[in-house]
Amino acid sequence: MLLAHTAVMTEPLFVQLHHQDGAALRDELARGLLGNPASVPPKFLYDALGSRLFDAITELPEYYPTRTERTIFDAHAVEMAAIAGRGRTLVDLGAGNCEKAARLFGVLEPLRYVAVDISVEYLRHALSSLQRRHPGIEMVGVGADFSSTLTLPPEAGGGERLLFYPGSSIGNFTPGEALRFLRQARAASGAGGALLIGVDLVKPTAVLELAYDDPLKVTAAFNLNLLRRLNALLGCDARIDDFEHVALFNECGSRIEMHLQARRALTLRWPGGERALAAGERIHTENSYKYTVDGFERLLRDAGFAHTPHWTDAHQWFAVFLAF
Ligand code: AVI
């Protein structure tokens, strides 16, 4: 049951749904490295340093998605709230520092804010200070990896929910995974609920590639940081100097691909395994799919959403959909 609107909350509630199993992570990394082509799942990009590097990426002039999405919310949030309804439970998927959702509190007036991220520790500081600024909103932090299954704990509360998935993180799923995720989001939003989601759109290749290969090399550092994770988690002997960051737009797949390319022939070794790489051979580290408005609308309809109003920016570089 929701607390009365006048209740004063002092501390958020925190729930950690899953704990990372070291052996399973090592197995996942080794399987990726031994694949053809070699790959590392993109979730490993986000350790403490990787998350900070990603925050720095969002400040870069070349990385248009964050600021473009912000201009869309600035211009249209009131309209979105009028359709979505106020006083809901706002469920922020991949909340990070909770800033994007907090900017919408004034118009959405949520009764409860549920911030979901892979690590509840990462949420603890941001959510506690947000709770002090908004004592009238009940806040819950949930540590969960929703990339394969989106399930919310009972602490998230029932009733009508507005799920919030900004930043075009949906682009880091394959279209098949995206469809599965959207179906789960449809179910998790509950009867009368909705999904507010940011989607990056197809645009000229030069704009896309510069956004993922910036001259300051912040994105390169973000990608190369994966090698430190391989060394720390798998006991691998990767040397950062042996690799270079590659980002390219795959037009047929409609996706930006990030790779780590070997500068010379080398062998990566770790306890129980090794992987030889020829000079120029790549480890695939991330896909970032770019959609057309029509293509994403189709995906939402296939996932069971009947209504899909959307808003975009002057260049049509980014779109925010409200699906219900
Ligand atoms: C988190 N995600 C939406 C970012 C993107 O644009 O695909 C991750 C990223 N990778 C490189 N730059 C940013």
Side-chain angles (χ1 to χ4, degrees), residues 39-70 72-73 92-101 115-119 122 145-147 163-175 177-178 181-182 185 195-227 229 243-250 253-261 282-291 296 299 313 317-321:
S39 63
V40 176
K43 69 177 180 193
F44 290 97
L45 288 163
Y46 300 93
D47 64 343
L49 178 58
S51 298
R52 288 201 179 93
L53 288 167
F54 177 66
D55 283 347
I57 287 173
T58 65
E59 304 277 322
L60 294 169
E62 295 81 10
Y63 191 74
Y64 60 84
T66 311
R67 72 182 137 79
T68 309
E69 185 182 49
R70 196 182 306 133
I72 297 172
F73 281 123
D92 189 356
L93 299 169
N97 58 18
C98 307
E99 255 173 37
K100 285 186 183 177
V116 187
D117 213 296
I118 194 153
S119 160
Y122 188 69
D145 176 7
F146 56 83
S147 58
L163 267 58
F164 183 51
Y165 197 42
S168 198
S169 295
I170 190 78
N172 298 131
F173 291 129
T174 64
E177 291 165 345
F181 172 83
L182 291 171
L195 169 70
L196 188 59
I197 183 167
V199 183
D200 198 12
L201 301 178
V202 175
K203 58 186 62 62
T205 299
V207 177
L208 284 167
E209 291 187 343
L210 197 60
Y212 290 82
D213 192 6
D214 56 284
L216 206 53
K217 303 295 175 204
V218 183
T219 312
F222 175 66
N223 196 10
L224 289 161
N225 180 49
L226 265 182
L227 298 168
R229 299 225 69 204
F243 289 87
E244 73 184 302
H245 164 70
V246 172
L248 53 92
F249 185 55
N250 174 334
S254 195
R255 62 177 186 245
I256 280 280
E257 296 179 3
M258 287 207 315
H259 301 265
L260 290 168
Q261 179 168 304
R282 293 170 179 170
I283 304 174
H284 191 169
T285 55
E286 189 186 55
N287 289 320
S288 192
Y289 283 83
K290 309 302 168 189
Y291 288 91
F296 199 75
L299 203 61
D313 58 288
W317 278 4
F318 201 94
V320 175
F321 285 80

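Each ligand, and each atom within it, is numbered from 1 in the order the structure gives. Computation of the quantities below employed the complete heavy-atom set of this structure, encompassing side-chain atoms and omitting hydrogens, waters and symmetry-equivalent molecules. This one's a predicted model, so the numbers in the text were calculated from it and none came from an experiment.
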Discussion item. Over 60° means perpendicular and under 30° means parallel, so tell me whether Phe181 and Tyr165 are parallel, tilted or perpendicular.
Written reply: tilted

N/O contact list for ligand 1, threshold under 3.5 Å:
residue	atom	partner	partner atom	Å
ligand 1	2 (N)	Asn172	OD1	2.9
ligand 1	6 (O)	Tyr63	OH	2.5
ligand 1	6 (O)	Tyr212	OH	2.5
ligand 1	7 (O)	Asn172	ND2	3.0
ligand 1	7 (O)	Ser288	OG	2.7
ligand 1	10 (N)	Glu286	OE1	2.7
ligand 1	10 (N)	Glu286	OE2	3.4

Show which side-chain atoms of residues 51-61 pair as donor or acceptor with protein atoms under 3.5 Å away, not counting sequence neighbours.
residue	atom	partner	partner atom	Å
Ser51	OG	Asp47	O	3.0
Thr58	OG1	Asp55	O	2.5

Worksheet item: Taking only residues two or more places apart in sequence, or in another chain, which ones meet Asp117 in a side chain to side chain donor-acceptor pair (under 3.5 Å)?
Response: none

Item to complete: Kindly indicate whether the side chain of Phe173, heavy atoms from C-beta on, has any atom under 4.5 Å from the side chain of Ser147.
Response: yes

Discussion item. Can you list everything that forms a side chain to side chain donor-acceptor pair (under 3.5 Å) with Lys217? Sequence neighbours excluded, please.
Written reply: none

Discussion item. Side chains of Thr285 and Asn223 only: does a donor on one sit below 3.5 Å from an acceptor on the other?
Written reply: yes

